[in-house]
Amino acid sequence: MAWTRKILRVNLTDRTTKSEPLNMEWANDYLGQRGLATKYLVSEIDPKVDPLSPDNKIIWATGPLTGTMASTGGRYSVVTKGPLTGAIACSNSGGYFGAELKFAGWDMVIIEGRASSPVYLSIQNDKVEIRDASHLWGKTVWETEETLKSEHQDPQVRVSCIGRTGEAGVLYAAIVNDLHRAAGRSGVGAVAGSKNLKALVVRGTLGVGNLANPKEFMKVTFEKKKILKENAVTGQGLPTYGTQVLMNVINEIGAMPTRNHKDVQFEGARKISAEAMHEPRESDGKAQLVNNQGCFGCTIACGRISKIDQTHYTVVNSPKYWGATGGLEYEAAWSLGCANGVDDIEALQYANMLCNEDGFDPISFGATIGAVMELYEMGVLTKEEIGIEAPFGSARALTFLVEQTARGEGFGKIVGLGSKRLCEKYGHPELSMSVKGQEFPAYDARGVQGMGLTYATSNRGACHLRSYTISSEVLGIPVKTDPHTTEGKPALVKAFQDATAVVDSSGLCVFTTFAWALSDIQPQLQAACEGDWSMEKLDLMGERIWNMERQFNNAAGFTRKDDDLPPRLKTEAAKAGPAKGLVSGIDKMIPEYYELRGWDSEGRPTAETVARLGL
Amino acid sequence: MQKSLHIDPSKCTSCLQCEMACSFENYGVFNNSLSRIKVFDFHHTGAKVPYTCTQCDEAWCMHACPVEAIKLDKDNGAKVVFEDVCVGCKVCTIACPFGTVNYVAETGKVQKCDLCGGNPACAEACPTGAITYVDANWTGLDRMRQWADKLGNQPA
């Protein structure tokens with residue numbers, strides 16, 4: 001069956017919990033996790049709802065392969081209407097929490113309403129309690145997990161929780177599990193905070209059984225793991241260097257957004273790269289990187305475990321940061337580093353730790369600091385206002401502002417609004433490097449044209465994980481396309497978007513797709529799940545999920561004009577590197593993309609499309 | 001030739017494939033709480049260590065059992081719990097110095113690693129070679145080879 005067929009519904013206003021059967025018809029059409037949770041959400045909330053009001057709902061959802069031996073089968077997603085964008089929000093996390101929730105017997109947890117005082121949810125298999133969390137309010141993610149493990153007298157519970165930023169409503173607050181894995185983007189943590197919900201604490205001992213064809217499942221997952229192991233990216237690049245393997249690659253092709261996208265190459269990239277993480281430091285002779293870690297069931301193990309330099313100014317008096325913990329991934333190294341022109345890798349690791357410790361998205365945070373630094377250099381923001389001199393390249397400004405944001409102090413409160421609101425507040429909305437209010441990740445839309453379309457049309461605002469065309473345009477997976485041309489990109493983006501929607505709904509990690517095609521995932525689903533899971537069905541399902549999200553956004557008030565990039569990327573050409581002279585051709589790509597999608601010129605799915613997808 | 005499980009913590013990524021393989025082999029379900037091998041993730045050092053029964057020759061658990069429910073599998077040296085004999089007294093769990101035999105409340109019996117009858121599922125599932133099933137007399141062979149390599153293959 002792969003699904004537990006049970007949903008836990010929790011109403012925080014009434015303080016009630018109940019078990020419901022999973023709608024198996026919907027599971028057949030939307031699979032699980034991202035697709036299925038979104039189906040529940042869009043069926044139950046008004047698209048125009050204020051994301052931080054009690055009428056919004058927030059869903060923790062696993063997929064049918066979560067908690068199985070399929071490689072990377074440990075993912076869960078948090079689905080809600082996001083406060084950063086006002087669009088659908090769906091943030092995916094690894095670690096061990098997702099599998100634990102499934103082992104406790106739940107496919108998903110739907111949270112409704114708002115508690116009158118801070119609470120957390122305790123789940124031990126069928127035993128579910130809404131418990132007082134007033135003593136946890138004001139605690140960081142790390143303190144919360146430690147406290148809950150101690151109070152439950154069970155080191156084996158898994159915790160998914162918010163830090164102080166989620167409580168304070170930082171619009172890109174994350175939900176963090178296992179100390180440093182996060183449902184990171186779009187401010188899902190702020191939604192939990194708005195509901196006075198501090199944490200989910202889970203212990204599951206029921207396991208996942210009753211697969212449709214267990215023997216075939218073991219055989220096929222074993223074969224597919226072999227493909228991951230033998231692939232250069234998933235078998236060598238990612239385990240050895242993590243996602244940071246990209247730092248030098250992306251910089252060399254001139255697609256490294258630098259200093260709030262003013263430049264496309266960062267002269268300090270080498271100093272903050274994967275290679276730098278491996279090198280012994282001058283101070284202590286040790287490398288920042290300790291080792292790599294897999295999430296639940298993951299045979300790739302791209303995760304970085306690092307130790308900061310104890311003599312670095314940020315931590316010299318704070319031994320609590322000296323231990324091993326989550327290290328720099330490429331997106332964070334970019335956003336905290338290149339986006340601000342900061343090349344002090346220890347400062348980046350410090351900022352990264354604080355993002356984990358207090359639960360906020362390093363991409364949106366770092367990119368917002370990029371805007372702050374540009375406004376500072378323009379003289380719009382001053383030292384007095386920010387609390388520190390903040391030119392591009394200032395590690396001191398970065399680490400000062402990460403502390404302020406984590407604690408909700410001073411200018412950190414403004415930084416917590418994200419770049420769109422911040423730039424609007426200071427009269428320069430054009431300086432926010434975002435789409436639909438969500439900041440760009442680490443690929444410049446001028447140097448990699450497909451990524452521009454990816455960002456402009458992503459249903460959760462700018463995001464690389466909705467259609468990672470870097471695979472094709474840079475790495476040549478599954479086929480190499482020219483990153484500098486717009487030609488063929490609408491079809492490429494659509495194909496990646498639809499396939500990724502299926503991966504995100506399965507319980508697996510999208511990083512498997514460096515080695516696996518959807519046709520490698522299909523037999524794993526077929527062996528696990530009852531019924532027919534043909535490629536045709538999965539292709540259509542991906543498209544259905546994408547259009548369902550789109551319809552929600554349209555109903556929430558998004559239109560054609562929201563599928564756009566900031567003027568900088570359309571008018572200021574790349575200054576250097578292989579993409580020198582290029583701007584984004586987004587305006588050329590959008591009409592073709594709409595047509596391929598079966599949408600009208602305003603970006604609305606036509607009646608025919610809606611009918612074809614069974615929406 | 002007798003074989004034994006050999007663990008190299010430096011290769012472990014804490015993916016828990018071994019735990020799932022163990023529970024699936026023995027109970028037909030993916031359920032880490034039923035696994036006889038456990039991976040310990042020491043957050044502050046980054047160390048990840050799989051740990052399970054080493055099949056002591058003079059097995060404390062076997063000697064402590066009052067009903068002789070733990071017996072030696074002569075083929076592979078495993079000390080195997082016979083559930084139909086086990087009375088769930090838990091004395092073996094006290095006797096074992098390493099904690100690798102444990103009570104299962106759901107069955108009222110104890111469980112421990114039995115080497116899967118000579119083909120341990122955890123070793124087969126481990127993607128990094130952190131858990132291997134090797135000649136019991138030569139568990140140090142790989143490490144010896146590494147040092148021999150250092151000794152003999154140094155650049156001139």
Side-chain angles (χ1 to χ4, degrees), chain A residues 66-74 95-96 99-100 102-103 125 142 145-146 155-156 178-180 203-211 214 217-218 221-222 225-226 228-229 235 239 289-307 320 322-327, chain B residues 7-51 99 102-109 111 116 119-132:
Chain A
T66 305
T68 72
M69 270 180 85
S71 185
T72 76
Y96 305 92
E100 197 74 23
K102 189 89 173 276
F103 290 161
N125 297 340
W142 295 355
E145 175 156 335
E146 192 182 344
Q156 300 193 76
D178 303 294
L179 302 174
H180 50 79
R203 181 79 200 284
T205 60
L206 304 174
V208 173
N210 301 325
L211 300 185
F217 184 78
M218 293 303 278
T221 52
F222 191 80
K225 281 174 216 170
K226 213 166 153 229
L228 294 177
K229 197 171 184 67
L289 185 74
V290 176
N291 56 23
N292 64 323
Q293 179 154 12
C295 295
F296 183 94
C298 176
T299 59
I300 302 172
C302 73
R304 303 292 92 183
I305 301 297
S306 294
K307 275 188 191 173
K320 73 165 174 161
W322 294 356
T325 187
Chain B
I7 288 169
D8 181 350
S10 71
K11 291 181 178 166
C12 178
T13 64
S14 191
C15 72
L16 311 188
Q17 284 274 345
C18 56
E19 295 190 11
M20 281 188 283
C22 181
S23 71
F24 189 80
E25 174 74 20
N26 292 297
Y27 300 96
V29 58
F30 302 120
N31 186 347
N32 301 55
S33 71
L34 290 175
S35 174
R36 298 161 185 185
I37 185 165
K38 292 297 283 180
V39 177
F40 295 90
D41 180 1
F42 296 94
H43 284 295
H44 294 291
T45 63
K48 303 154 202 14
V49 187
Y51 204 83
N102 284 284
Y103 179 65
V104 182
E106 289 78 5
T107 59
K109 314 286 180 185
Q111 68 163 359
C116 298
N119 186 22
C122 54
E124 196 184 354
C126 179
T128 62
I131 306 166
T132 49

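First the proteins, then the strands, lettered A, B, ... as listed; each starts at 1.
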Does any N or O in the side chain of [X] come within less than 3.5 Å of the main-chain N or O of [Y], such that one atom is a donor and the other an acceptor?
{"X": "B:T132", "Y": "B:G129", "value": "no"}
{"X": "B:Q111", "Y": "B:L34", "value": "yes"}
{"X": "B:E25", "Y": "B:C116", "value": "no"}

What option among [options] has the most heavy-atom pairs under 4.5 Å with chain A?
{"options": "B:E106, B:M20, B:H43", "result": "B:M20"}
{"options": "B:G46, B:A125, B:C126", "result": "B:G46"}
{"options": "B:P127, B:G28, B:C15", "result": "B:C15"}

[X] versus chain A, the contacting section by heavy-atom distance below 4.5 Å:
{"X": "B:S14", "value": "both"}
{"X": "B:F42", "value": "neither"}
{"X": "B:K11", "value": "neither"}
{"X": "B:N32", "value": "both"}

Quick check for you: to the nearest 0.5 Å, what is the distance between B:F30 atom CZ and A:N210 atom CG?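 Atom-to-atom, B:F30:CZ and A:N210:CG are 11.0 Å apart.
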Once you round to the nearest 0.5 Å, how far does CE of A:M69 lie from CG of B:L16?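 Answer for the CE-CG pair, A:M69 versus B:L16, is 11.0 Å.
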Taking the side chain as everything from C-beta on, heavy atoms only, tell me whether [X] gets closer than 4.5 Å to [Y].
{"X": "A:T72", "Y": "A:C295", "result": "no"}
{"X": "B:V49", "Y": "B:V39", "result": "no"}
{"X": "B:D41", "Y": "A:Q293", "result": "yes"}
{"X": "B:K48", "Y": "B:F40", "result": "no"}

Is it the side chain or the backbone of [X] that comes within 4.5 Å of chain B heavy atoms, both, or neither?
{"X": "A:I300", "value": "neither"}
{"X": "A:K102", "value": "neither"}
{"X": "A:F103", "value": "side chain"}
{"X": "A:E100", "value": "neither"}

With chain B as the partner, which of [options] has the greatest number of non-hydrogen pairs under 4.5 Å?
{"options": "A:T68, A:L206, A:L179, A:D178", "value": "A:T68"}
{"options": "A:T325, A:T205, A:V290", "value": "A:T205"}
{"options": "A:N292, A:V208, A:I305", "value": "A:V208"}

